[in-house]
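Okay, structure first, notes after.
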Amino acid sequence: MEPVGAQDEPGQVTGLTCPDCSGSIWLQTGKGGELAFTCRIGHSYSPESFYELQAENVENALWAGVRALEEQASLASVMAARSSRFGDADSAGRYETREKIANDNAERLRTLLLERSDA
């Protein structure tokens with residue numbers, strides 16, 4: 001039986017994932033000491049391009065978080081209105097609180113992202 005990883009890329013496993021395919025990334029040293037981050041299927045990045053793609057993926061994930069929080073606030077608003085229509089003031093109050101929390105969190109995250117883009 002072959003050990004796990006016997007056919008993997010040469011180099012040092014980093015614990016990072018490929019920004020294109022989410023596969024494992026190896027740090028490889030080329031001629032002249034040049035570094036490259038390479039995944040199993042062949043995506044290869046210079047240190048700077050790898051960093052930029054990782055940063056872009058983080059940015060996209062955080063904006064997805066803003067959208068998810070806004071959707072959560074919208075759902076809570078609908079549920080609060082529905083609860084009010086049916087005379088359930090306790091549930092309406094809970095949903096209104098949830099709406100406020102989700103909107104506040106979305107705004108905080110949006111502010112953080114906009115401040116990051118100014119830096």
Side-chain angles (χ1 to χ4, degrees):
M1 178 188 302
E2 289 187 52
V4 174
Q7 302 300 316
D8 287 337
E9 295 290 322
Q12 179 182 355
V13 177
T14 64
L16 301 171
T17 57
C18 177
D20 288 321
C21 69
S22 300
S24 296
I25 286 284
W26 279 260
L27 179 60
Q28 299 177 329
T29 305
K31 295 177 184 174
E34 296 172 3
L35 296 178
F37 292 93
T38 305
C39 75
R40 178 174 293 166
I41 66 169
H43 297 122
S44 186
Y45 311 93
S46 70
E48 187 63 27
S49 67
F50 187 72
Y51 182 88
E52 290 299 323
L53 283 169
Q54 289 287 20
E56 184 179 322
N57 285 347
V58 167
E59 179 99 4
N60 290 338
L62 292 171
W63 280 112
V66 171
R67 286 190 304 276
L69 287 164
E70 289 173 342
E71 289 175 7
Q72 186 178 54
S74 179
L75 174 61
S77 176
V78 168
M79 297 305 294
R82 184 174 190 279
S83 295
S84 289
R85 273 196 318 275
F86 287 103
D88 187 350
D90 289 340
S91 289
R94 281 193 303 275
Y95 282 117
E96 288 166 357
T97 299
R98 291 174 180 175
E99 176 186 8
K100 180 180 179 348
I101 291 168
N103 276 326
D104 289 349
N105 288 336
E107 187 55 35
R108 282 189 198 107
L109 187 51
R110 180 187 319 284
T111 299
L112 173 72
L113 284 163
L114 294 174
E115 287 172 357
R116 281 174 41 123
S117 65
D118 292 338

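Computed from a predicted model, the values in this text were never measured in an experiment.
- Between D104 and K100, at least one side-chain N (NZ, or NE/NH1/NH2) sits under 4.0 Å from a carboxylate O, which counts as a salt bridge.
- A side-chain donor from one of D20 and Y45 sits under 3.5 Å from a side-chain acceptor of the other.
- Summarising the geometry, atom CD belonging to E107 is positioned 11.0 Å from atom CG belonging to L69; distances are rounded to the nearest 0.5 Å.
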message = Using the rule given for side-chain contact (heavy atoms from CB on, under 4.5 Å), can you reason through E56 versus E52, listing the C-alpha separation, both sets of side-chain angles and the distance that settles it, and then say yes or no?
response = CA-CA 6 Å; E56 184 179 322; E52 290 299 323; over 6 Å; no
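- Looking at H43 and F37, their side chains never come closer than 4.5 Å, going by heavy atoms from C-beta outward.
- Looking at S84, its side chain never comes within 3.5 Å of a backbone N or O of A92 through a donor-acceptor pair.
- Among P19, S24, C18, the single residue meeting the side-chain contact (heavy atoms from CB on, under 4.5 Å) criterion with C39 is C18.
- Surrounding CZ of F50 are more than 12 heavy atoms belonging to other residues, nucleotides or ligands, all under 6.0 Å away.
- When the side chains of ILVMFWY residues are joined at heavy-atom separations under 4.5 Å, either directly or via intervening members, L113 and V58 end up in a single hydrophobic cluster.
- Of the inter-residue distances, the one linking L16 atom CG with S22 atom OG reads 12.0 Å to the nearest 0.5 angstrom.
- Hydrophobic clustering places W63 together with L109 (ILVMFWY residues linked when any side-chain heavy atoms are closer than 4.5 Å, directly or through intermediates).
- Side chain of S77 to backbone of A73: no donor-acceptor contact under 3.5 angstrom is found.
- Put simply, CD on E99 and CE on M79 are 12.5 Å apart, with the number rounded to the nearest 0.5 Å.
- Rounding to the nearest 0.5 Å gives a distance of 6.5 Å between OG1 of T97 and CD1 of I101.
- To the nearest 0.5 angstrom, R116 atom CZ is 5.0 Å from E59 atom CD.
- From Q28, atom CD reaches atom CD of Q12 across 11.0 Å, with rounding to the nearest 0.5 Å.
- Side-chain N/O atoms of S91 and R94 include a donor and acceptor closer than 3.5 Å.
- Here the side chain of Q54 pairs a donor or acceptor atom with the backbone of T17 at under 3.5 angstrom.
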Item to complete: Could you please spell out the steps behind the side-chain hydrogen bond (donor to acceptor under 3.5 Å, both in side chains) verdict for T111 and R108?
Response: CA-CA 5 Å; T111 299; R108 282 189 198 107; over 6 Å; no
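- You'll find the side chain of I25 stays beyond 4.5 Å of the side chain of T38, heavy atoms only.
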